[in-house]
Amino acid sequence: MDIDLKILRYDPESDRKGHWEYYTVEADPEERILDLLHKIKWFEDGTLSFRRSCAHGVCGSDAMVINGENMLACQVLVKEVSNPITIEPIRGLPVVKDLIVDMDPFFDSYKKIMPYLINENEPGERERLQSPEDRDKIEDTTKCILCAACTTSCPVFWTADSYIGPAAIVNAHRFIYDSRDEGSKQRLEILKDVNGAFRCRTAFNCTSACPRGIQVTKAIEDVKRETLLNN
Amino acid sequence: MKIIKHSFDGVIVGAGGAGLRAAIEAAPHMKLAVITKLYPTRSHTGAAQGGMSAALANVEEDNWNWHAFDTVKGSDYLADQPAVDILCKEAIDAVIELEHWGLPFSRLENGKIAQRRFGGHTVKEGEAPAFRACYAADRTGHMILQTLYQKCVSMGVEFFDEFQVLDIKIEDGVCKGVIAFELSTGDIHIFETRAVTFATGGFGKIFKVSSNAHSLTGDGPGILYQKGIPLEDMEFYQFHPTGIYRLGILLSEAARGEGGILRNKDGERFMERYAPSIKDLAPRDMVSRAIATEISKGNGAGPQNDYVYLDLTHLGAETINKKLPDITDFVRTYVKIEPINEPIPVQPTAHYAMGGIPTDVNGRVLSDEKNTILPGVYAAGEAACVSVHGANRLGTNSLLDIMVFGKRAGQSMLEYVSKTKASSISDSSSDDLVKKINNLIEKEHTDEFSVGRIRNDLQESMEKNTKIFRTEETLSEQTKILEDLRERYENVTIFDKGKVFNTELMETIELDYLLDMSESTVASALARKESRGAHSRQDFPERDDAEWMKHSFAFKNGNSATLRYKDVELGKYEPMERTY
Amino acid sequence: MAYQKIVSSGAVYKGKTGMWLYIFHRITGVALFGYLILHIISTALILLGPEVYEGAEAIYKNFYFRIAEIGLMAAILAHAINGLRIIAVDLWKRGSEFQKQLNIISLVLFIAIFIPSTYKMTTSYFDICLEKSQAGTTLTDCMIRPLPDWKSK
Amino acid sequence: MSTRTDWGRREPPLKGSNFELYGWFFMRISGLLLVLLAVGHMFIMHVFNDTLNLDYEFVAARWDTPYWRIFDWLLLTLSLLHGTNGLRVVLHDNLNDLTIRKLALSALYGTSLIFFILGTYVIIAFVSQS
Ligand SMILES: Cc1cc2nc3c(=O)[nH]c(=O)nc-3n(C[C@H](O)[C@H](O)[C@H](O)COP(=O)(O)OP(=O)(O)OC[C@H]3O[C@@H](n4cnc5c(N)ncnc54)[C@H](O)[C@@H]3O)c2cc1C
Ligand code: HEM
Ligand code: SF4
Ligand code: F3S
Ligand code: FES
């Protein structure tokens, strides 16, 4: 079947304003949107640029706005979206070329929340013990693949790019609630900054955008309440 | 094209598990750069699912010697046994170390790291399947990659994200540096360094149906191969039995470790016939061959009789949701069936390269079959061949491999750097590369010679002629096809003439490596006249220990490869027939 | 390299209810603040004595202002109910799990208060108008004419 | 196992400001009170009574009791604070240029202060002339 695509193109070298480009490709309903982009790139127009790697939703490369919502191109099948398909780069981060945005600000925010286990006690020869119940507390937030779908779907982030963003808070949550970690006080201290968790206005776009099904807003709310109670 | 020069003590190419593990070892003691063409967390280590083996004995009695026995037997006796001993012995510390760095392993009731069964892993040298694979649900690789990256962030390791390494400079047999292309600007960066570790991962994209990422194109092995370094054991490429039908997305062996069963179109549990004692948990080469055999006998399911079923329906929703959440989600997303109630259509998928850049147990690259060391060059992970996997890797041993030998490569780098003086690299060292790139960009674009078409033809032909079963005939045919493809590649043209994120240009250069990988694979496979592990010649169905207990070394020779051989290092395990 | 922040696509992001409620809460909040300032000014006129105060109040005595008043009531009511919903999501441990239910409850609550209040405010306007006007005044007259100044009568 | 000393690096303990936390919490608490005050006020004035009947005498009668003066002053104060803090967030979200943001915030705080003084003065100074 023929699928029409409408893709927002931008090239800093020749097209600084950006424009919509239209393509039609032959595709099966079972194919991924990523497969369509590949068909265009490989057989029609090699200049179309986008990131991708794993092609099954685990590496977090290809978050983009598909028919108005953030999704991973490799995780949506043609039959799940209506024709024509519009594709734009994710919002709120500087566009570098076509569907590729500058991810550095995003990773900088991630690095700010000290995303590593902090525990100064000598752990000994064997593993630290952790009960399955304690492990369950971080089950949801450890799934994050840093795709930025959440952060770039957040209306607060679109206008206030200094906002640390849901992804960073999710990753802080992952350590704050890890029974082995001792750095939660510092992380909460970082997150109560003007640009931290309290910028979140519970828009819930992040939760619907997360391709890993993480309850992002819930994680942010946990952090807000934790800050409140620990102060 | 701007040319920018940097100076480092050491450079690691690749930020998957192996690269990051090496970086953690080396970074505190030298000026180190980690160069990666993807953001580190996008590396394909993150796709690994099932687990990482170590004889922790958390569930039942276990012993690293049994682990070594299984690994050697699984390798069809082609693995070097001293290396296997190191792998299995250091496994325990490798897992504990990850736990200490924060890896959220799944846990047993008593709070210890949980372990599950996996194909080919047994207790007491084959008595029963062993609980040896440490796991975090079915996203163990994701957790490893995240944990290692987090550790690197905490140490302040210097990363060059989205820089693609395209060349290495070796002068007078000594490493001088590497040259990389900055994707976001199109600038060329010369990294002056004494030591380079290649940890660029596998090259599963030579096949059409593959569990590998689009980025796995064999860059590291390709770069060295073009410089005259051989590639070891290239004929051994693993096909994983359970890829999602047509897509190749992996459904981890953990599915069978937790009790999943393979069935043919009649619902028969056919593995009972091929491996009576451990059935569905037989090593991958055997299960893949069993599936291929069932299909060729007409027992495959579906309109074209070309797949079998992976049946999880008897496991119950609770086990599935808790232990296999991701892979069952893949099934829901891509096949649109509910694995709790329906069996899943699967077929073997290209998965893992046992072969690669030859190294010793300390990650030092060997430049020939006589164990000559190439000073300053190291390799680890799937890009390297130590060889601990021999002719067939056991599941979970690769995550182990990247941890154990990644660390060792990092240590070797340190040792080398502390003993040698910095040397300089000339500004003109990127000239060849710049010329190559300019040539590609300047050529007028023609459809016939587009990257997409050539690569497509490569993948389809490799899939057809060199997958699970091979013969003299298919391999010779493939040799001819490869010659033709190489000729077309010489004329390859690209559409995108820009500097910023010219991914088409990068794909074109990657295609060169894919062709190299295919040529060396086919040449090595054609030469090896026996069946061993993943290399299965229908015209030579038996293993031939007298003639072929040896590693192949393929040296680039035009469009083909010259082969030389090195004996396998044996140890306490005598080769015996591989039955399960 | 000078990057462009966002290539403007002109397309709207298809956010979920929460996003629209966020925008709505913001608009009503800002509008209410504006009204608050005006309200302080008009109330302050009371210090200048009854004539000035009532002279100013007289401006409001027409049907168009009654519609605006209903709008004001709706804005406060909606902002308040949505505010309570936000408080529930933020301070109740399981609030974010019940986001959908909370949305529905808020909507129902709003309608349940808004409709009777509007009814009361409309009918009361006409009642007063008819009561204060000469006989023969119709509802339409009430709607298009300012209210007669019954004080001076 | 090698002995390492860097199990998780620690930065010097931070002492972040609690302003945002308190601001956030204040919005919820004042919101709850405003339900009584603002919604209450509105229903009393606009729904149960009719504003058409609202005249000088009505106000004077109301402000005869100190309780209503306190009620109204609380309403004035809380809604101004709540609204000002709300607008502070809005400005912060939408103005990324630091100088412009500072100017806008100053204007906001100035306005709020002036109207707070004015409103308070009215409530305290009002003496019925009738
Ligand atoms: C789906 C799947 C499931 C698996 N499950 C398991 C399992 O359960 N257990 C197990 O033990 N093993 C498993 N494996 C195998 C194992 O995951 C891999 O072999 C292993 O992760 C490889 O790690 P690596 O560090 O060598 O390479 P990768 O993780 O692939 O990393 C390669 C790195 O090199 C970089 N790179 C590549 N080329 C260049 C270049 N030219 N310039 C700069 N950088 C470059 C990339 O950016 C990347 O960072 C699985 C594999 C797959 C595909
Ligand atoms: C009647 C009861 C009220 C309640 C329950 C209430 C509740 C709230 C809450 C909880 C917020 C925070 C929203 C968020 O963080 O996402 C808020 C924001 C706000 N409120 Fe109120 N409020 C009330 C009345 C008022 C009044 C009378 C005004 C006018 C002065 C007002 C103006 C604002 C403003 C300007 C904001 C900021 C909007 C934003 O940040 O998007 N509110 N309100
Ligand atoms: S929380 Fe979800 S959407 Fe956000 S970065 Fe992580 S995986 Fe992506
Ligand atoms: S979309 Fe943004 S406002 Fe909060 S709930 Fe999610 S971070
Ligand atoms: S390509 Fe990896 S997430 Fe889509």
Side-chain angles (χ1 to χ4, degrees), chain A residues 11-14 30 32 38-39 41-43 45-61 75 77 96-98 100 102-104 107 110-111 114-119 123 125-132 134-135 138-139 142-146 174-175 178 180-181 213, chain B residues 38-39 41-44 46-47 56 95-96 99-102 104-114 136-137 139 142-143 146-147 150-151 153-154 161 184 213-215 247 249-250 326 329-330 333-334 336 445 447 450-453 455-456 494-504:
Chain A
D11 183 342
E13 291 166 89
S14 61
E30 277 78 34
R32 297 164 271 204
H38 272 144
K39 280 186 190 175
K41 181 167 186 69
W42 292 342
F43 307 117
D45 177 358
T47 60
L48 179 66
S49 305
F50 49 90
R51 291 192 180 96
R52 88 285 183 266
S53 181
C54 71
H56 64 285
V58 294
C59 76
S61 299
Q75 223 185 32
L77 308 189
V96 182
K97 182 184 180 191
D98 295 344
I100 297 175
D102 182 0
M103 295 288 287
D104 287 347
F107 280 103
Y110 166 73
K111 287 172 193 159
M114 312 172 90
Y116 37 81
L117 192 84
I118 297 176
N119 185 331
E125 293 281 302
R126 292 289 299 201
E127 68 260 48
R128 293 190 178 94
L129 299 182
Q130 182 175 47
S131 69
D134 280 343
R135 168 62 178 72
I138 52 170
E139 170 71 6
T142 49
K143 292 191 300 203
C144 176
I145 53 175
L146 296 170
R174 176 250 171 277
F175 287 101
D178 191 326
R180 302 166 294 171
D181 184 85
Chain B
L38 308 169
Y39 277 102
T41 54
R42 317 264 185 255
S43 304
H44 211 53
L56 292 185
V95 169
I96 300 296
E99 197 284 329
H100 289 172
W101 291 341
F105 281 108
S106 294
R107 299 286 172 156
L108 299 169
E109 273 311 317
N110 61 13
K112 290 185 180 175
I113 295 171
R139 46 182 96 95
H142 165 75
M143 300 299 192
Q146 296 284 330
T147 304
Q150 289 157 359
K151 180 76 186 154
V153 169
S154 81
D161 295 333
S184 64
H214 286 286
S215 56
L247 293 170
I249 297 170
L250 196 77
D326 276 11
D329 258 358
F330 298 152
T333 307
Y334 297 104
K336 300 274 176 259
H445 178 77
D447 233 21
S450 82
V451 200
R453 278 175 223 285
R455 186 180 38 214
N456 214 38
I494 61 174
F495 205 27
D496 194 343
K497 310 291 185 196
K499 288 197 186 69
V500 176
F501 265 99
N502 193 335
T503 48
E504 192 186 20

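A note on names: the letters A, B, ... follow the listed sequences, proteins ahead of strands, and every chain is numbered from 1.
- Both the backbone and the side chain of A:L146 come within less than 4.5 Å of a heavy atom in chain B.
- In terms of heavy-atom pairs under 4.5 Å with chain B, the best-connected choice from A:G57, A:G213, A:S61 is A:S61.
- Between A:P123 and B:E99 there is no side-chain heavy-atom pair separated by less than 4.5 Å.
- Using a 4.5 Å heavy-atom cutoff, the side chains of A:Y110 and B:Q150 are in contact.
- Atom CE of A:M114 sits about 9.5 Å away from atom OG of B:S154, to the nearest 0.5 Å.
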(request) Test A:H56 against B:Y334 for ring-ring contact (aromatic ring centres under 6.0 Å, His included), laying out the working first. (result) CA-CA 9 Å; A:H56 64 285; B:Y334 297 104; 7.3 Å; no
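- Salt-bridge check for A:E30 with B:K336: failed, with every basic side-chain N at 4.0 Å or more from each acidic carboxylate O.
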(request) Let me see the working for B:T503 and A:K41 under side chain to side chain contact (heavy atoms under 4.5 Å, CB included), right down to the final yes or no. (result) CA-CA 10 Å; B:T503 48; A:K41 181 167 186 69; 3.0 Å; yes
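- Closest heavy-atom contact between A:R32 and B:I249: NH1-CD1, 3.9 Å.
- Per-residue heavy-atom pair counts under 4.5 Å with chain A were compared for B:N110, B:D326, B:V451, and the maximum is reached by B:D326.
- Residues A:L117 and B:H100 form no side-chain contact, since every pair of their non-hydrogen atoms from C-beta on lies 4.5 Å or further apart.
- A salt bridge is absent between A:K143 and B:D329: the closest approach of a Lys/Arg side-chain nitrogen to an acidic carboxylate oxygen does not fall below 4.0 angstrom.
- For A:D11, no part lies near chain B; criterion is any non-hydrogen pair under 4.5 Å.
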(request) Apply side chain to side chain contact (heavy atoms under 4.5 Å, CB included) to the pair B:H44 and A:C54, showing each step before the final yes or no. (result) CA-CA 7 Å; B:H44 211 53; A:C54 71; 3.9 Å; yes
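- Your options are A:S49, A:P132, A:C144, and the one with the most heavy-atom pairs under 4.5 Å with chain B is A:P132.
- Of the possible donor and acceptor atoms, none in the side chain of A:Q75 sits under 3.5 Å from a partner among the backbone N and O of B:T333.
- For chain A, no part of B:L250 is nearby; none of its heavy atoms comes within less than 4.5 Å.
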(message) Apply side chain to side chain contact (heavy atoms under 4.5 Å, CB included) to residues B:F105 and A:R135 and explain how you reach the verdict.
(response) CA-CA 8 Å; B:F105 281 108; A:R135 168 62 178 72; 5.8 Å; no
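- Here the CZ-OG distance, from A:F43 to B:S450, works out to 6.5 Å after rounding to the nearest 0.5 Å.
- Highest contact tally toward chain B, considering only A:R51, A:E139, A:M103, is held by A:R51 [criterion: heavy-atom pairs under 4.5 Å].
- At least one side-chain heavy atom of A:V96 sits less than 4.5 Å from a side-chain heavy atom of B:F501.
- Contacts between B:I113 and chain A at a heavy-atom distance below 4.5 Å involve backbone atoms as well as side-chain atoms.
- In this structure the side chain of B:P104 reaches within 4.5 angstrom of the side chain of A:R180, judged on heavy atoms.
- With a threshold of 4.5 angstrom between heavy atoms, B:N456 approaches chain A through side-chain atoms but not through N, CA, C or O.
- For A:E127, the parts sitting under 4.5 Å from any heavy atom of chain B are the backbone and the side chain alike.
- Put simply, CD on A:Q130 and OG on B:S106 are 10.0 Å apart, with the number rounded to the nearest 0.5 Å.
- The shortest distance between side-chain heavy atoms of B:L38 and A:C59 does not fall below 4.5 Å.
- Remark: A:D102 CG to B:S184 OG distance equals 7.5 Å, nearest 0.5 Å.
- Scanning for ring pair (Phe, Tyr, Trp, His ring centres under 6.0 Å) contacts around B:H142 gives an empty result, with sequence neighbours left out.
- Scored by the side-chain hydrogen bond (donor to acceptor under 3.5 Å, both in side chains) test, B:H214 finds no partners at all (sequence neighbours excluded).
- Proximity to chain A involves both the backbone and the side chain of B:T41, based on heavy atoms less than 4.5 angstrom apart.
- When each of B:E504, B:R42, B:K112, B:R453 is scored by its heavy-atom pairs under 4.5 Å with chain A, the top score falls to B:R42.
- In this structure, the side chains of B:Y39 and A:D104 come closer than 4.5 Å at one or more pairs of heavy atoms.
- Residues A:T142 and B:Q146 are not in side-chain contact: their nearest non-hydrogen atoms beyond the backbone lie 4.5 Å or more apart.
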